[in-house]
Amino acid sequence: MELDTTLSGGQRVAFRVSTRYPFDERITITPTRDLAAPITLTLRIPAWAAGSASVTVNGQEVPITGATVAVTRAFQNIDAIELILPLEPRFTWPHPSVDAVRGQVAVESGPLVLALEDVDLPDGITVDRVTVDTEVDPVSRGGGARVRLRVHPASARDWPFGQAETSTGEPLQADLIPYFRWANRGPSTMRVWLPTSQRG
């Protein structure tokens with residue numbers, strides 16, 4: 001991506017942004033013209049990257065103290081600003097006041113929301129029969145994440161109400177994909193919010 005513009009003070013600035021984000025954590029910003037006077041370039045640090053992001057200018061680390069990082073200098077075309085936003089997958093828990101997803105978690109990788117699609121489960125297992133084991137952290141896997149699930153027997157009771165059913169569930173490893181990619185491998189069902197496994 002190229003940016004070439006004139007600031008309100010009349011100085012012309014130009015930068016090139018090179019990245020594969022959100023599939024690669026590295027974002028490199030390079031000036032494509034020398035500046036005669038200093039300007040401030042401000043980079044935003046997403047909340048999910050707080051404490052794990054890093055910024056360097058020509059290999060020298062810039063301290064991050066909040067949601068933004070300001071770099072002030074008369075940029076030259078030999079400079080390089082590098083922003084690292086780690087993409088390790090993580091569980092995201094809803095606020096307890098959101099009734100619809102209480103007792104569930106989503107899995108995110110950087111800014112991407114991931115989904116469990118039934119084509120990634122064994123034959124005969126559907127997304128409504130699994131829970132996610134949050135005692136085992138998700139791990140990065142092919143642009144998505146791998147999580148540990150527990151497969152529970154199909155309910156034998158009449159829908160929708162009845163006595164509580166208990167099951168520890170059989171463990172299973174399964175891959176989650178970025179939400180925008182689901183339904184590209186034939187008819188399927190999917191879930192973003194996954195019920196958590198109950199230990200007892």
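Worth saying up front: this structure is predicted, and the values here are computed from it rather than measured. All residue numbers in this chain count up from 1 along the given sequence.
- Applying the salt bridge (charged side-chain N to carboxylate O under 4.0 Å, His left out) test to every pair with at least one member in residues 74-83, sequence neighbours left out, gives these pairs: Arg26-Glu82, Arg73-Asp79.
- Taken to the nearest 0.5 Å, the OG1 atom of Thr5 stands 9.0 Å off from the CZ atom of Arg12.
- Taking every heavy atom of both residues into account, Val13 and Arg33 meet most closely at C-CD, 4.1 Å.
- Ile81 has its side chain within reach of Leu43: a pair of non-hydrogen atoms, C-beta onward, lies under 4.5 Å apart.
- The hydrophobic cluster around Tyr179 extends to Val98, Val101, Val113, Ile177, Trp182, Met190, Val192, Trp193, counting ILVMFWY residues whose side-chain heavy atoms fall within less than 4.5 Å of a member.
- Through ILVMFWY side-chain contacts below 4.5 Å, Ile84 is grouped with nothing and stands alone.
- For residues 118-129, every residue pair satisfying the salt bridge (charged side-chain N to carboxylate O under 4.0 Å, His left out) rule, not counting sequence neighbours, is listed here: Asp120-Arg185.
- By the rule that hydrophobic residues join a cluster once side-chain heavy atoms approach within less than 4.5 Å of another member, Val17 and Phe23 end up as members of separate clusters.
- Between Thr19 and Ile29 there is no side-chain heavy-atom pair separated by less than 4.5 Å.
- Put simply, CG on Leu83 and OH on Tyr21 are 8.5 Å apart, with the number rounded to the nearest 0.5 Å.
- Val119 and Val107 sit in two unconnected hydrophobic clusters of ILVMFWY residues. Membership requires side-chain heavy atoms under 4.5 Å apart, directly or through other members.
- The side chain to side chain donor-acceptor pair (under 3.5 Å) check on Ser97 picks up His95, with sequence neighbours excluded.
- Note on Met1: it clusters hydrophobically with Leu85, by side-chain heavy-atom contacts below 4.5 Å among ILVMFWY residues.
- Side-chain atoms of Asp34 do not come within 3.5 Å of backbone N or O of Gln76 as any donor-acceptor pair.
- Around CZ of Arg141, the count of heavy atoms belonging to other residues, nucleotides or ligands within 6.0 Å does not exceed 12.
- Trp48 has its side chain out of reach of Thr92: every pair of non-hydrogen atoms, C-beta onward, lies at least 4.5 Å apart.
- Remark: side-chain polar atoms of Gln11 are paired, donor with acceptor, to backbone N or O of Ala37 under 3.5 angstrom.
- Considering every non-hydrogen atom in both Gly59 and Thr56, the closest pair reads C-CB, 4.0 Å.
- Considering all non-hydrogen atoms of both residues, Gln104 and Ala100 come closest at NE2-O, 3.2 Å.
- Shown here are the side chain to side chain donor-acceptor pair (under 3.5 Å) partners of Ser52, two or more places apart in sequence or in another chain: there are none.
- Within the 4.5 Å cutoff, the side chain of Leu116 has heavy atoms near those of the Leu121 side chain.
- Minimum heavy-atom separation, Pro178 to Gly144: CD-CA, 4.4 Å.
- Considering all non-hydrogen atoms of both residues, Val139 and Pro89 come closest at C-CG, 3.5 Å.
- Once rounded to the nearest 0.5 Å, the distance linking CG of Leu41 with OG1 of Thr68 reads 11.0 Å.
- Leu114 and Leu87 are assigned to two separate hydrophobic clusters, defined by single-linkage of ILVMFWY side chains at heavy-atom distances under 4.5 Å.
- Note that CZ of Arg181 and CD of Glu117 are 11.5 Å apart. Values are rounded to the nearest 0.5 Å.
- No path of Ile, Leu, Val, Met, Phe, Trp and Tyr side chains, each step under 4.5 Å between heavy atoms, connects Leu112 with Ile27, placing them in separate hydrophobic clusters.
- By the 4.5 Å heavy-atom criterion applied to side chains, Arg148 and Gln173 are counted as neighbours.
- For Glu2, the CD atom is densely surrounded, since the number of other residues' heavy atoms within 6.0 Å is greater than 12.
- Among all heavy-atom pairs drawn from Phe91 and Asp137, the shortest one is CE1-CA, 4.2 Å.
- Asn77 places none of its side-chain heavy atoms less than 4.5 Å from the side chain of Thr32.
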